[in-house]
Amino acid sequence: MAKGEVVINEILCKGCELCIVFCPQSCITLSQGKINPEGYLLPVISEPEKCNACGICGQMCPDMAISVYRLKESKTT
Amino acid sequence: MTKKEITKEVVCEPPRTRLQSIPIMNCPGCHYGIIIRMICEVIEELGIEDRTIGLGGGGCTGFWTMYFDLDMYGGVHGPGLAIATAIKRVHPDSIVFAAQGDGEMGAIGLGYFMAATLRGEKITTIFLNNACFGTTGGQMAPTTLLGMRTTTTTQGRDPKITGFPFHGAELAASMKGTAYSARMSVHTPANRQKAKKALKTAFEKQIAGVGFSIVEFLSACPVNWHLGPKECLDFIENQMIAEYPLGEFKNVDYIEHLSDG
């Protein structure tokens with residue numbers, strides 16, 4: 001199971017690729033032809049299982065378009 | 001029977017002092033957004049959002065009045081620190097921060113900046129150094145590097161004609177009224193952490209009433225440097241830091257005749 005979940009707000013994203021540069025696990029890549037209403041090429045989470053929820057992509061996003069959540073699995077009876 | 005439940009813990013979400021209805025209007029790859037986020041985080045961590053008054057400037061910092069869910073004031077190009085002084089003196093309990101671009105504080109507003117440091121006004125200045133006049137099309141600013149091409153120095157900046165680059169943080173550190181002066185960068189995650197710590201210290205100096213505090217940020221301007229966002233990071237690492245070294249230049253806890261308490 002993936003440790004983290006990255007949610008990109010596609011309306012705010014300007015496709016500057018800084019999240020792709022800074023992701024230490026190289027989970028994020030630029031999409032092939034997926035654009036937002038403003039016309040910017042969007043990044044996609046290409047390898048979500050590698051994400052360890054460090055939050056660097058969210059902190060370094062100049063448009064505050066990325067939210068990061070840490071996923072925890074708990075067993076309940 | 002055992003059930004598996006997945007719980008979500010927030011690591012990183014847009015800060016609550018940032019007005020979500022207004023998108024960041026800077027160019028793609030501009031570092032201003034990272035710095036805006038950092039200011040929001042610091043204000044929330046210090047718990048001063050109900051008494052903080054921010055001041056936008058001219059140029060790209062003019063938009064800053066719309067980004068924050070705080071009391072914001074729109075300054076004019078240049079005398080931002082004079083306006084911040086007035087706000088602080090009328091509302092002594094408030095926490096005032098002024099966003100100042102390099103063209104603004106190094107050229108037209110240099111006198112106001114020098115006067116504010118000499119008086120030791122208890123305000124926090126966020127000085128954004130992107131080595132050009134960003135909004136108006138990338139003309140030479142006082143902080144433009146030697147040999148750097150801009151629309152007004154097409155052959156590269158020549159010190160014989162246009163002088164040498166302006167070092168705001170060192171200048172403020174040489175003044176008696178300054179409590180804290182640092183130059184930081186946000187071009188790597190590690191530098192961002194250091195910059196956040198410096199910004200927090202600057203706000204703490206103001207809260208403690210020590211004196212004037214300033215943090216200079218090296219910031220990328222991809223459109224006017226004619227570089228991509230990735231190349232801008234290399235440019236800051238290799239060329240800007242060579243001219244503008246990072247670090248703290250002054251950090252004092254008490255200034256005689258000036259500090260509170």
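What you see is a predicted model; the values in this text were computed from it and never measured. Heavy atoms only: backbone and side chains are in, while hydrogens, waters and symmetry mates are out. Numbered from 1 within each chain, the chains take letters A, B, ... in sequence-line order.
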I need the minimum non-hydrogen distance between [X] and [Y], along with the two atoms involved.
X	Y	answer
B:R37	A:G58	NH1-O, 3.5 Å
A:G55	B:C12	O-SG, 4.1 Å
B:P28	A:C16	C-CB, 3.9 Å
B:C30	A:P62	O-CB, 3.2 Å

Is any side-chain heavy atom of [X] closer than 4.5 Å to a side-chain heavy atom of [Y]?
X	Y	value
B:V11	A:Y69	no
A:M64	B:P15	yes
B:K230	A:I20	no
B:P189	A:M60	yes

ask   = Going from CZ on A:F22 to CD1 on B:I34, what distance comes out if it is rounded to the nearest 0.5 angstrom?
value = 6.0 Å

inquiry  = Let's test your reading of the structure: which of B:C232, B:G228, B:G33, B:P14 forms the most heavy-atom pairs below 4.5 Å with chain A?
reply    = B:G33

Can you say whether [X] sits under 4.5 Å from chain A via the side chain, the backbone, both, or neither, judging by heavy atoms?
X	value
B:R192	side chain
B:I35	neither
B:M25	backbone

key: A:C54, part contacting chain B, at a heavy-atom distance under 4.5 Å   = backbone

request  = Determine, stepwise, if the pair A:L71 / B:K8 fulfils side-chain contact (heavy atoms from CB on, under 4.5 Å).
outcome  = CA-CA 5 Å; A:L71 301 178; B:K8 271 188 185 181; 3.6 Å; yes

ask   = Pick from A:E73, A:K72, A:E17: which one has the most heavy-atom pairs with chain B under 4.5 Å?
value = A:K72

ask   = Residue by residue, which of residues 56-65 of chain B have a heavy atom closer than 4.5 Å to a heavy atom belonging to chain A?
value = none

